[in-house]
K.L.:
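Mind looking over this structure? Questions follow.
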2 protein chains.
Amino acid sequence: MLHHSILQTLPPQLQKEAVESIQVMRFPPGKILFRAGEHCRGLPLMLSGAVKVQMTGASGNSIVLYRMGADDICTLSIGCLMTGYGYRAEAFVEEESEAAMVSRGLFDRLMDQSAAFRLGIMESYGRRLDDLMLLVEEVAFRRMDERLEEWLQVRRSPIHITHQELAVELGTAREVVSRLLKELERKGRVRLARGRIDVIKGV
Amino acid sequence: MLHHSILQTLPPQLQKEAVESIQVMRFPPGKILFRAGEHCRGLPLMLSGAVKVQMTGASGNSIVLYRMGADDICTLSIGCLMTGYGYRAEAFVEEESEAAMVSRGLFDRLMDQSAAFRLGIMESYGRRLDDLMLLVEEVAFRRMDERLEEWLQVRRSPIHITHQELAVELGTAREVVSRLLKELERKGRVRLARGRIDVIKGV
DNA sequence: AATACCAATGTGACTTTATCACTGAACTGG
DNA sequence: CCAGTTCAGTGATAAAGTCACATTGGTATT
């Protein structure tokens, strides 16, 4: 079955059509869903798993723009689907994921026939725009030590990640992350090991 | 008449409906189109003029996210219109502008009835997403002196702007802009005056 | 015209972040 | 166990951000 909320709202006839036309794809961790420059073959509706979308600048540095999880829509693909331009970012599968791939034809049909589907798409776009606006603000103005601590706080220890990967999460350099982490370790806020960070519960 | 390309594509009946329902509004320079937190009263289709959209972070610093000009759609408003959440950013009118205000009702009707209208909206969203992604990359990784020079290059001298305003354009601090400009002046690339920058045409 | 005022700019001192270059430690697969 | 590789640590230096305050140029006021 296709457990994606945007499909649940469709009238029976459309739902049947969707189920027939949609291909469910399964992606193992480490798989690249799409790369920068590639063309879009369909709109992925995330059924399960976790995918991070990141971009690499001219300098060669990368930054994670946002993540997608169950019930998300890969908004970025819509633009590529409609305009035919290539992706500007890259999507990396973090956890085993499933996605329902909606073809251009079906997408057009659903947009035409279902107000609820349209609403879902618009909301998804809105959220992504918001996310990116917040990210701009964050990158432009917030201090790296704060951002790092915040990032660490919202995960469950032990966190399995390298300093390099963490640098990409925050859009900074590996050395900066290493130094800040060392500082946190000195303060007793974290314990460090190769490829692993334990956040120590404070008061 | 309503000279916005997204309206030209409508079939006669819808176009008539649109013209009847749409209110054209005129905004003088300096006017705030909307502020952070405010609610959306309609989707502005830009007919003429120039509006900058900027955001102020928790720190109090601001950054210009993008600009809108003739024939643009205020994509940000769509999200607010659909979800009822307030704006996160602020829109500042730079040049006398006219916008056709599309109500929620008309928007829904056009989305329902016109594939071309939907396409226009989707394209607008896609462009904005792209803009913001590029901005993230720019802010995260590019050097400020390069960004400043680039910004100056694409305008016509004399540029009437204060260092503070320029800092908001680039998402940095006023002092940084002042120092970089002074450096450029020493190199003979610009001439500085109060509230004004002359870019000197190089080889 | 002299004065007062204020926004805009200049700058020193210092902190934070980025970059470069290199070292050493920890894991992996023979 | 060894060789190769990935990951982490760190010094030196440059770029950018922050804070505090001085100076300047324009405008309004007497």
Side-chain angles (χ1 to χ4, degrees), chain A residues 30 56-64 92 135-152 158-187 189-199, chain B residues 30 55-64 135-152 158-187 189-199:
Chain A
T56 301
S59 56
N61 299 33
S62 300
I63 183 170
V64 172
F92 177 93
L135 183 60
V136 168
E137 198 263 339
E138 178 135 337
V139 169
F141 301 126
R142 292 195 52 209
R143 293 185 44 140
M144 199 50 79
D145 52 358
E146 280 176 25
R147 293 180 55 211
L148 173 60
E149 282 219 65
E150 202 170 286
W151 195 96
L152 293 173
I159 306 171
H160 291 279
I161 193 170
T162 67
H163 296 185
Q164 176 57 53
E165 288 163 346
L166 194 33
V168 171
E169 292 288 332
L170 300 171
T172 182
R174 199 260 316 158
E175 299 92 314
V176 173
V177 170
S178 287
R179 275 190 253 264
L180 289 175
L181 281 175
K182 217 53 193 154
E183 183 60 28
L184 285 178
E185 192 179 40
R186 270 191 287 278
K187 288 189 198 157
R189 320 281 297 263
V190 300
R191 223 182 331 269
L192 300 177
R194 188 188 171 90
R196 171 181 166 159
I197 303 168
D198 292 278
V199 179
Chain B
M55 191 163 110
T56 301
S59 56
N61 300 34
S62 299
I63 182 170
V64 172
L135 183 59
V136 168
E137 198 263 339
E138 179 136 337
V139 168
F141 302 127
R142 291 196 53 210
R143 292 184 43 147
M144 198 51 78
D145 52 358
E146 281 175 25
R147 294 179 55 210
L148 173 60
E149 283 218 65
E150 202 170 286
W151 196 95
L152 294 173
I159 305 169
H160 291 279
I161 193 171
T162 67
H163 297 184
Q164 176 58 54
E165 287 164 345
L166 194 33
V168 171
E169 292 289 332
L170 299 171
T172 182
R174 199 261 315 158
E175 298 91 316
V176 173
V177 170
S178 287
R179 274 191 255 262
L180 289 174
L181 281 174
K182 219 44 194 162
E183 183 59 27
L184 285 177
E185 192 180 40
R186 269 191 287 277
K187 289 189 197 158
R189 320 281 298 263
V190 300
R191 224 184 328 270
L192 300 177
R194 189 188 172 88
R196 170 180 167 161
I197 303 169
D198 293 277
V199 180

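As the structure is a prediction and not an experimental result, all values here were calculated from the model. Lettering follows sequence order; numbering is per chain, from 1. In what follows, every heavy atom counts, from backbone to side chain, and hydrogens, waters and symmetry copies are set aside.
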K.L.:
Among B:Thr162, B:Leu184, B:Ile161, which residue meets the side chain to side chain contact (heavy atoms under 4.5 Å, CB included) test with B:Ile197?
P.N.:
B:Ile161
K.L.:
Return yes if some donor-acceptor pair links the side-chain N/O of A:Glu169 with the main-chain N/O of A:Leu148 below 3.5 Å, else return no.
P.N.:
no
K.L.:
Nearest-nucleotide wise, let me know which of A:Leu192 and B:Asp145 is further upstream toward the 5' end of DNA chain D.
P.N.:
A:Leu192
K.L.:
Measure CZ/B:Arg179 against P/D:dC19 and give the value in whole Å, please.
P.N.:
13 Å
K.L.:
For the backbone of A:His160 and the side chain of A:Glu165, can you confirm whether one donor and one acceptor N or O come within less than 3.5 Å of each other?
P.N.:
no
K.L.:
Students often get this wrong, so: under 4.0 angstrom with heavy atoms, is A:Arg143 touching a base, only sugar-phosphate, or nothing?
P.N.:
sugar-phosphate
K.L.:
Does any N or O in the side chain of A:Glu146 come within less than 3.5 Å of the main-chain N or O of A:Arg143, such that one atom is a donor and the other an acceptor?
P.N.:
no
K.L.:
How long is the gap from CD on B:Glu149 to CE on B:Met144, to the nearest 0.5 Å?
P.N.:
13.5 Å
K.L.:
Mind checking the CG-CG spacing from A:Leu181 to A:Leu152? Nearest 0.5 Å is all I need.
P.N.:
6.5 Å
K.L.:
Taking N or O atoms only and anything under 3.5 Å, show me the protein contacts with nucleotides 20-26 of chain D, one pair per line.
P.N.:
unit_1, atom_1, unit_2, atom_2, d
D:dG25, N2, B:Arg194, NH2, 3.3

K.L.:
With a strict under 4.0 Å distance from non-hydrogen atoms of chain B, what nucleotide opens and what nucleotide closes the contacted stretch of DNA chain C, reading 5' to 3'?
P.N.:
C:dA7 to C:dA13
K.L.:
Enter the distance from B:Arg174:CZ to B:Leu166:CG here, rounded to the nearest 0.5 Å.
P.N.:
12.0 Å
K.L.:
Nearest-nucleotide wise, let me know which of A:Phe141 and A:Ala193 is further upstream toward the 5' end of DNA chain D.
P.N.:
A:Ala193
K.L.:
Do B:Glu150 and B:Arg147 meet the salt-bridge criterion of a basic N to acidic O distance under 4.0 Å?
P.N.:
no
